[in-house]
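The basis for the numbers below is simple: all heavy atoms, side chains too, and nothing from hydrogens, waters or symmetry mates. Because the structure is predicted, anything quoted here is derived from the model rather than measured.
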Amino acid sequence: MEQNKSYFGEIADAMKTLATGMKVTLKEYFTPKSTEQYPENRKTTLHVAKRHRGRLVFKRNEDGSYKCTACTLCEKTCPNGTIKITSHMAEDPETGKKKKVLDDYQYDLGDCMFCQLCTNACNFDAIEFTNDFENAVFDRDALVLHLDKEVYEGGSLPNLIDGGAELTIGKFNTKTK
């Protein structure tokens, strides 16, 4: 059933809808905002969530060796094919048994969609995502990383792995370097 409203009834409904929209707008206008002065003040005030997925790194043992066993589970679960593992079979001198030895662990950061399927599939807890997000380069080939050859020492910003600076809502983060 269609209700026939008068001209003034339609205007009243329009005013009610406009008032609802203005109420939302005014409420949002007066809520406190947080503004990051990036990139000038990123070393002192930038906050990055600890669980942000920025790039993939190898986890290392206390002696500096990596935990990866070249099982290729991460490579098989990656939907984009951003991980390419090359390995060979070698005889273990201690036990005399053959085992896989990792030759190269290639990770293409430019093609990664940060789904974390590779880290979930890893049975050896050998890889993880860090919250290091500053990966801008001029050449895409620089985004192809060889994780077994590099030792990740942390991000380019202080305390980045711990989340960086404290998050302060409602204040302008304008503290200088």
Side-chain angles (χ1 to χ4, degrees), residues 33-169 173 175 177:
K33 308 292 185 285
S34 177
T35 302
E36 295 288 347
Q37 300 298 325
Y38 184 83
E40 295 83 17
N41 298 330
R42 69 183 188 272
K43 292 188 188 289
T44 56
T45 62
L46 183 65
H47 176 78
V48 180
K50 290 181 186 180
R51 64 183 185 185
H52 172 75
R53 298 177 196 156
R55 65 167 286 190
L56 194 66
V57 295
F58 262 7
K59 288 185 175 180
R60 304 264 176 181
N61 294 322
E62 291 80 24
D63 61 352
S65 64
Y66 47 80
K67 297 179 179 182
C68 182
T69 60
C71 68
T72 68
L73 280 174
C74 56
E75 180 180 17
K76 291 173 186 169
T77 59
C78 181
N80 288 359
T82 61
I83 298 173
K84 296 195 177 21
I85 298 174
T86 55
S87 61
H88 69 278
M89 294 298 285
E91 190 173 315
D92 190 9
E94 296 174 5
T95 61
K97 296 181 181 179
K98 286 192 170 194
K99 70 174 197 170
K100 273 189 174 181
V101 177
L102 181 68
D103 291 330
D104 188 30
Y105 191 103
Q106 182 177 324
Y107 165 64
D108 191 352
L109 179 65
D111 286 342
C112 184
M113 62 184 202
F114 309 102
C115 62
Q116 205 169 7
L117 290 174
C118 55
T119 59
N120 294 339
C122 184
N123 291 332
F124 302 97
D125 195 31
I127 54 177
E128 70 176 340
F129 274 99
T130 64
N131 57 357
D132 189 4
F133 66 94
E134 289 188 330
N135 299 308
V137 292
F138 288 107
D139 184 18
R140 278 186 66 87
D141 293 335
L143 293 175
V144 177
L145 307 172
H146 299 275
L147 299 185
D148 59 318
K149 314 257 186 315
E150 71 172 20
V151 178
Y152 183 74
E153 297 290 336
S156 57
L157 301 175
N159 301 326
L160 183 66
I161 303 300
D162 299 325
E166 288 297 318
L167 180 63
T168 309
I169 301 293
N173 294 333
K175 191 166 52 169
K177 302 174 193 174

Looking at every heavy atom in both [X] and [Y], which two are closest together, and how far apart are they?
| X | Y | result |
| --- | --- | --- |
| V101 | A90 | CG2-CB, 3.6 Å |
| A121 | L73 | O-CD1, 3.7 Å |
| L117 | T77 | O-OG1, 3.6 Å |

Qualifying salt bridge (Lys or Arg N to Asp or Glu O under 4.0 Å) pairs with a residue from residues 82-100, counting only residues at least two apart or across chains: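 Counting only pairs at least two positions apart or across chains, no salt bridge (Lys or Arg N to Asp or Glu O under 4.0 Å) contact touches residues 82-100.
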Pair listing, salt bridge (Lys or Arg N to Asp or Glu O under 4.0 Å) test, anchored in residues 69-83, at least two apart: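 Qualifying pairs, neighbours excluded: none.
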Who are the salt bridge (charged side-chain N to carboxylate O under 4.0 Å, His left out) partners of [X], not counting sequence neighbours?
| X | answer |
| --- | --- |
| D125 | K59 |
| E150 | R55 |
| K149 | D104 |
| R140 | D111 |

Residues that [X] engages under side chain to side chain contact (heavy atoms under 4.5 Å, CB included), provided they are two or more places apart:
| X | result |
| --- | --- |
| C112 | T82, Y107, F114, F129 |
| P93 | none |
| N61 | D63, S65, K67 |

Min side-chain heavy-atom separation [X]-[Y] under 4.5 Å:
| X | Y | answer |
| --- | --- | --- |
| Y105 | L56 | yes |
| I85 | L102 | yes |
| E128 | V57 | yes |
| C68 | D148 | no |

Under the side chain to side chain donor-acceptor pair (under 3.5 Å) test, residues paired with Q116 that sit two or more places apart: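 Side chain to side chain donor-acceptor pair (under 3.5 Å) list for Q116, sorted by chain: R53.
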Sequence-distant partners of D103, side chain to side chain donor-acceptor pair (under 3.5 Å), two or more places apart: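 D103 satisfies side chain to side chain donor-acceptor pair (under 3.5 Å) with H88 once adjacent residues are dropped.
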Spacing of I127 atom CD1 and C122 atom SG [to the nearest 0.5 Å]: 5.0 Å
CG-CG distance between N135 and L145, expressed to the nearest 0.5 angstrom: 8.0 Å
Summary of ring pair (Phe, Tyr, Trp, His ring centres under 6.0 Å) pairs that have at least one residue in residues 59-86, sequence neighbours excluded: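 As it turns out, the ring pair (Phe, Tyr, Trp, His ring centres under 6.0 Å) pairs with a partner in residues 59-86, which skip direct neighbours, are F58-Y66.
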